[in-house]
Amino acid sequence: MSSPKTERFAPSPTGFLHLGHAYSALTAFEAAKGGRFLLRMEDIDTIRSRPIYEDAIFEDLAWLGIAWDVPVIRQSERLSLYQAAVDRLTAKGLTYRCTCTRADIKAALSAPQEGAPLHGPDGLVYPGTCRNARHDDPDAAIRLNMAAAIRSLGGDTIVDLLEIEELGNGDDGQSGRIALSARHLRDGIGDVVLARRDIGTSYHVAVVVDDAAQGVTHVTRGQDLFPATPLHRLLQALLDLPVPVWRHHGLIRDDAGKRLAKRDDARAIRQLRADGWTPARVRSAINL
Ligand code: GLU
């Protein structure tokens with residue numbers, strides 16, 4: 001039996017929701033009609049996440065007319081599940097410990113022979129400094145050994161057959177069935193951090209583990225996360241997780257064309273509410 005259509009909105013409670021979040025949440029909520037709509041608190045960043053922002057998310061979404069299934073899961077309460085997923089990859093020999101700081105990575109990449117540093121979904125693509133270092137420091141970060149991961153799935157030709165089904169558009173307009181590229185995974189994404197030193201996990205691991213655990217069939221989110229999607233697809237293959245379809249949408253921009261950020265309080269739903277906006281006015285401001 002196929003699972004019921006399940007959409008989710010997965011905000012990080014690190015600021016007030018703005019018009020861009022309203023767009024994402026309303027799009028996913030409407031797409032979920034006839035199925036399930038989940039709200040998930042992505043609060044693994046315990047330094048920046050705050051209960052006041054979480055409360056505001058509940059209030060603002062309810063004000064927009066959105067209803068979600070309960071219970072709402074919080075990622076901060078599920079760290080052991082994420083750790084278990086990383087442990088499985090480690091048991092397959094696909095990870096290594098890394099003690100590099102950001103400054104170490106920048107310094108390694110500024111060496112003349114390296115050429116222009118590439119940016120992946122998490123910033124600079126890691127140059128592999130610790131790949132063969134065999135650190136045993138328990139507080140080190142844990143990275144995916146991307147080349148080993150690709151080999152474990154059968155090599156480039158097999159990985160190139162894996163696909164992402166995109167119902168929306170990627171940041172370069174990509175849509176439909178999009179094949180992964182082992183070469184891009186190695187060179188353009190690289191050995192990403194799976195478990196950060198400070199929180200013991202990463203967004204990428206938490207999101208694939210939770211989407212699978214919650215039976216999410218459709219992932220609606222902003223195009224800024226499209227570049228991370230091949231990595232998510234690869235992690236699903238490595239961890240034998242079910243594969244959802246994705247719908248990436250354009251980002252809401254301010255009048256100057258700049259993408260909205262959590263610090264743009266002027267576009268915060270809460271501020272617009274205080275200024276007398278109605279949910280209908282929010283919808284029309286974002287063309288919904
Ligand atoms: N927590 C992420 C954010 O607030 C969204 C993650 C996702 O939808 O996959 O940007």
Side-chain angles (χ1 to χ4, degrees), residues 6-32 36-50 52-54 56-58 60-61 64 66 68 72-79 82 85 120-123 164-171 189 192-194 196 199 201-236 239 241-253 259-264 267-269:
T6 303
E7 292 263 358
R8 86 314 191 265
F9 177 57
S12 301
T14 55
F16 293 117
L17 298 185
H18 55 56
L19 284 178
H21 297 107
Y23 184 80
S24 233
L26 285 165
T27 305
F29 178 60
E30 262 144 45
R36 297 192 304 150
F37 178 73
L38 310 175
L39 172 62
R40 182 168 76 224
M41 290 295 165
E42 300 214 321
D43 61 348
I44 51 174
D45 185 341
T46 46
I47 311 273
R48 290 169 59 231
S49 296
R50 299 256 186 284
I52 170 186
Y53 296 133
E54 189 177 305
I57 288 170
F58 291 129
D60 291 345
L61 293 179
L64 285 167
I66 292 176
W68 52 89
V72 170
I73 67 170
R74 273 190 198 83
Q75 291 191 326
S76 58
E77 292 166 0
R78 299 167 58 79
L79 297 177
Y82 312 142
D122 295 337
I164 288 165
E165 191 179 342
E166 174 63 56
L167 301 181
N169 286 108
D171 45 356
I189 294 184
V192 290
V193 170
L194 298 176
R196 277 163 48 175
I199 53 176
T201 185
S202 59
Y203 158 62
H204 307 298
V205 169
V207 84
V208 297
V209 167
D210 284 345
D211 282 340
Q214 295 191 288
V216 169
T217 58
H218 289 66
V219 171
T220 296
R221 62 188 181 189
Q223 272 165 1
D224 52 330
L225 290 168
F226 183 79
T229 310
L231 171 62
H232 297 175
R233 180 68 188 86
L234 182 83
L235 290 172
Q236 285 153 356
L239 293 165
L241 300 176
V243 181
V245 299
W246 284 269
R247 186 189 304 99
H248 290 92
H249 59 73
L251 302 176
I252 304 290
R253 298 181 183 273
R259 162 183 163 195
L260 299 183
K262 290 227 169 90
R263 54 192 176 280
D264 291 331
R267 299 300 169 118
I269 305 300

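First listed ligand is number 1; within each ligand, the first listed atom is number 1. No hydrogens, no waters, no symmetry mates; every other heavy atom, side chains included, goes into these values. Because the structure is a prediction, the values reported are computed rather than measured.
Taking the ring-ring contact (aromatic ring centres under 6.0 Å, His included) definition, one finds that H249 meets it with Y23, sequence neighbours left out. Remark: R36 engages no residue in a salt bridge (Lys or Arg N to Asp or Glu O under 4.0 Å) (not counting sequence neighbours). Taking D224 as the reference, R259 meet the salt bridge (Lys or Arg N to Asp or Glu O under 4.0 Å) condition, with sequence neighbours excluded.
A salt bridge links R74 to E54: at least one charged side-chain nitrogen sits closer than 4.0 Å to a carboxylate oxygen.
Note on ring orientation: taking the six-membered ring where Trp is involved, the planes of H232 and Y203 are perpendicular (angle over 60°, cut-offs 30° and 60°).
Protein residues having a heavy atom under 4.0 Å from any atom of ligand 1 are R8, A10, P11, S12, E42, Y203, V207, R221, L225, listed by chain and number.
Looking only at distances, no side-chain donor or acceptor of Q214 sits under 3.5 Å from a matching main-chain atom of V216.
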